[in-house]
Amino acid sequence: MTVPVHLRHDETFVLNLGPQHPATHGVLRVKLTMDGEYIVKAEPVLGYIHRMHEKMAENGTFAQFMPNTARMDYLHALAFNHGWALVVERAAGIEVPERAEYIRVITVELNRIASHLLWWAAFLLDLGGFTPLLYAFDDREKIIDLLERVTGSRLTYCYLRFGGVYNDIDDEFIAGTRDFIKRLRGRMPRLYHDLVTHNIILIKRIKDIGFVTAEQCRRYGATGPVARGSGIDYDIRKNEPYSVYPEFDFDVPVFTEGDSMARYMVRMHEMEQSMRIIEQALDKLPGGPVMGKAPKVLKPEAGYYYSAVETARGSLGHRLVCNGDKNPYKLKLRSPTFSNLSLFGEVAEGMLLADALAFMGSLDLVIPEIDR
Amino acid sequence: MGLVEQTQAALAELFPEPALPAAPAGEGDQEAPPRQAGVVVTDAARHGSHLDVLCRPDQVVAVARVLDQDGYFLEAISGVDWLDKGQFEVIYDYNRLGGEHCRVTVRALVDRNEPAVPTISGVFPAADWHERETFDFYGIRFQDHPNLIRILLPEDADFHPLRKDYMP
Amino acid sequence: MGEENVPASIVQFAQLDKLLNLGRANSLWPMTFGLACCAIEMMCTGGSRFDISRFGAEVFRPSPRQSDVMIVAGTINKKLELAVKTLYDQMPEPKWVIAMGNCAICGGPFKVKENYNVVEGADKLFPVDVYIPGCPPRPEALLEGIMMLEEKITGKRRWPRVQPG
Amino acid sequence: METSIWHALLYLVGIMAFAGVNAAWLGWCERKGAARIQRRIGPCEAGFAGLLQPLADGLKLMSKQLLVPQGVDGIIFRVAPVLAMIPAITSMVVIPFSENIGARAMELSVLLLFALASIGMIAILLGGWASGNKYAIISAARSVSQNLAYEIPMLLTVITVVLISGSMNLREIAIDQQGGFWHWNIFRLENGHFLTMWISFIIFFICSVAETNRAPFDMAEAESELVAGFMTEYSSMGFGLFMMGEYLNIVVGACLTATLFLGGWDCPFGKTPGVWWFVLKIYILIFTFIWIRWTYPRTQIYRLLNLSWKILIPFSLVNLLVTAALIKVF
């Protein structure tokens, strides 16, 4: 509900929501032209954590770029691994065994829940509530332990290989995942919904704040929970199925209001859907090898390749151009938050500073993914 | 697939002369005779995109407007530096937001010495930042772009990092 | 006896200095300065499982004026270099720097021959007291880093050092 | 109560000790309370169960460099933290701790308390404005509008208490409530006051939370929006004084609520009144402050002001009229 107010455009001052600011969760600078506490013009300035991923892709071989993918969006690193593995497997024509595909889906969905938990914690930290962070981290640590057993690292996973996965999952991982899901399902209604979602202060804080229309999403290219919060039923796992997602039945939560509350509810329901996918994947887990045969040095055929993967923040695209030798000729990473943030300037006009920060929190930004 | 044919038809009238039936798409452009501007259906399972449109730089805005009417959204703009051919290439990726899936890749080749491509940020505001980034990395000037300055590199940087001949 | 080298300050508050150092060691207030992946591990350290507040370091002050330790958690690149230097200068005097993660130590995974934008190491900008290797380092490593900083301030180690292997 | 020099000196030292100990160890209670709410161990390394933690914080804050940044209004910048501290301590003069423990029982002590509270508000305004930092100015403007908006309902509810006990002197108010909790102002059984008094208690408690800038109304020092609010430019002891001022305001708010509504030093069963009952009530109220802070997110500034102007003030006016009518009737 942007307060309808006549903004005096002459007496404004420029406030730097500077590179170092508790609410930007990283180094995003937003140049705000303010009139009192109302924002007249907001212009994000990027590039404070630009780490040359695309230049490194061109100078390293295909396999050497896998660790880089995890350092772009470290909250959903496995989806980035998955996107990179997918585009290279398409280009080089490598087969992935059935079991490896299932393990990929299980670990990616677990990582998605961990990413949504951390978004939920950071979003409520922006709104002033400090305690939910600790409870969300409590659950997230359980997922990190599970994934650490299998992948070896806590945050920046480098678990996928072209043609399969690094190592197999054992029964203890499966048992651990099952009772994690039971535990989170038990806590979700009581702790996450009753204590926080139905809290009147939170509802007042994010309801009717930051309206994003479907047309705006289309013109700015916003995808993921931001688009699904504005009524666009677009989830790459359903619209452009890849890996073994067609074998699971899960539905895509879509809300039509388009305000921060809608985006909040989309992500909360997505956690539930991810748990459904994991359970079905664990039930139908086939046997067999986890690593297909892939040539040591990959020389994919020259041409233009594109793969899109659904990360927690939206559609991650890899535009790969190969010219036949062992390292990629050109790799463009279409990062979802880059487009989601581009509509911040238009939506945040006329909002209060506190509401604009609540809106930015609901966009779920990871800055190194924007700056690449 | 109704949508792919329908989009192909929509784009076809932009290119009066029939597109050269190139050999199965995807293999290197160098061997095949340089393709005429036109629309070619590509195998989506392997290349990810259904339609591959090669067009001259000045047709880029017209293609964008056609796709905008059909309800596509701009997914990404990437630049490619073909050093040996002395050309830059700008790749526009369009995709459907919801509903039936169809991805269109529009490619435009530009001379390397004075690269200039008309901007499509009028049609798709998403292109604003993507074009600034392509300018930042390759130095491709996008004509009458509202605010063509660097986006990721420090403002006073004087080099274009992703050019093949650049080494710090 | 030979001549005695007079310590720099004329009056030496030996005991008072020890007490002040003990006070400073026990209440290191870090500045929220998370840049990239290491920031998430820093938040995990603040969480319930690895609880940094046991050492009195849980007050993450947003403003540089009120913080003692600057934990550089992430990559510093050329566009941010000036901001990081200003933040360091804004901190009041007894201040320390913990370089958390390989990026802050030496540029880490981005120290490649075609590196045009990453500052290779925080110690190129200001003196660093404790280096914590890892990409990202585990929360226990950050706690060990804080204990190492406390040992540097007070000279005594709080818990027995864990012998590797 | 004859006011000999020894009496004054004794109470001066007593109040300073009470204020100092409370300001420091309230920080410890807050961190331990927050830790318990968040299922973790609070500071437990410094001394037994972290009890020396406030000492460590105090020593560190005192020994840090006091930065006065350039382009700052020098005098006001230095005066503001002290000004935030003075009203909190001086308002402890009139608080009746027990039958015979009470520094000075003045006639208009309630009025004095509210005059001092507004000085605290001015201190925050001066601190925010003088530090020349854009965030501090926004936070100072917010805190003034907030404190102003919440002082009016607070005063109106205090008038209902003064109407009942007939005097503005805190000691008389406390004495009037002696003898068991049915005599306390909150459940006043005589002439039907119990109908409205619990409303004024709730309004008074909300206003005291808002007056001390505590969540969910911590607009001034909104950590995630305004960096550190009006305290952004203050380094060591400047920031220390502001923090101690805030904690002492909480203690004064708790003492005021206990005296006005919960019957000062009176024992709930009317038998053994004494200062320990008063201290127990204070710390129960302080724990509620801490409890509220770590459970609720922050509201928006316009909702906060709407709450006061459109809801609390009309309610307290109606409450005042009903109490006056009840007194007239019985």
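Bear in mind that the values here come from a model prediction, so they are computed numbers and not experimental data. Just so we're on the same page: letters track the sequence lines, and every chain starts at 1.
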Practice prompt. Determine the option with the most heavy-atom pairs under 4.5 angstrom with chain A, choosing from Glu114(C), Glu81(C), Lys113(C), Met31(C).
Written response: Glu114(C)

Item to complete: Under 4.5 Å heavy-atom distance to chain C, tell me which part of Glu369(A) shows up: side chain, backbone, both or neither.
Response: neither

Worksheet item: Going by atom types alone, do Arg71(A) and Asn68(A) pair a side-chain donor with an acceptor below 3.5 Å?
Response: no

Worksheet entry | Pi-cation contact, Trp119(A) with Arg267(A) (under 6.0 Å, within 45°) | yes

Discussion item. Side chains of Asn340(A) and Arg313(A): any donor to acceptor distance under 3.5 Å?
Written reply: no

Discussion item. At a 4.5 Å cut-off on heavy atoms, which part of Phe50(C) comes close to chain A: side chain, backbone, both, or neither?
Written reply: side chain

Discussion item. Can you tell me which of Gly74(C), Gly34(C), Cys135(C) forms the most heavy-atom pairs within a distance under 4.5 Å of chain A?
Written reply: Cys135(C)

Worksheet item: Do any of residues 121-132 of chain C come closer than 4.5 Å to chain A, heavy atom to heavy atom, and if so which ones, in number order?
Response: none

Practice prompt. Would you mind reporting whether Val14(A) and Met34(A) have side-chain heavy atoms less than 4.5 Å apart?
Written response: no

Worksheet item: Is it the backbone or the side chain of Leu46(A) that comes under 4.5 Å from a heavy atom of chain C, or both, or neither?
Response: backbone

Item to complete: Would you check if there is a donor-acceptor pair between the side chains of Arg187(A) and Tyr192(A) at a distance under 3.5 Å?
Response: no

Worksheet item: Measuring heavy-atom distances to chain C, does Ile49(A) have an atom under 4.5 Å in its side chain, in its backbone, in both, or in neither?
Response: both

Fill in: Segment of Leu87(C) engaging chain A (4.5 angstrom heavy-atom cut-off)
side chain

Discussion item. Just checking Lys78(C): does its NZ atom have more than 12 heavy atoms from other residues, nucleotides or ligands closer to it than 6.0 angstrom?
Written reply: yes

Fill in: Side chains of Tyr74(A) and Pro368(A) in contact at under 4.5 Å (non-hydrogen atoms)
yes

Worksheet entry | Any side-chain heavy-atom pair of Met52(A) and Asn77(C) under 4.5 Å | no

Worksheet item: Is the closest basic N to carboxylate O distance between Lys156(C) and Glu151(C) below 4.0 Å?
Response: no

Discussion item. Can you tell me if Tyr166(A) has over 12 outside heavy atoms packed within less than 6.0 Å of its OH?
Written reply: no

Worksheet entry | Partner chain A: residue of Ala39(C), Gly47(C), Pro64(C), Cys44(C) with the largest heavy-atom pair count (under 4.5 Å) | Cys44(C)

Item to complete: Can you tell which part of Leu133(A) gets under 4.5 Å to a heavy atom of chain C, answering side chain, backbone, both or neither?
Response: side chain

Worksheet item: Most heavy-atom pairs under 4.5 angstrom with chain A, which of Val118(C), Val112(C), Asn115(C)?
Response: Asn115(C)

Fill in: Region of Arg51(A) that comes under 4.5 Å of a non-hydrogen atom in chain C
both

Discussion item. Can a side-chain donor-acceptor contact be found between Asp138(A) and Ser48(C) if the only test is distance below 3.5 angstrom?
Written reply: no

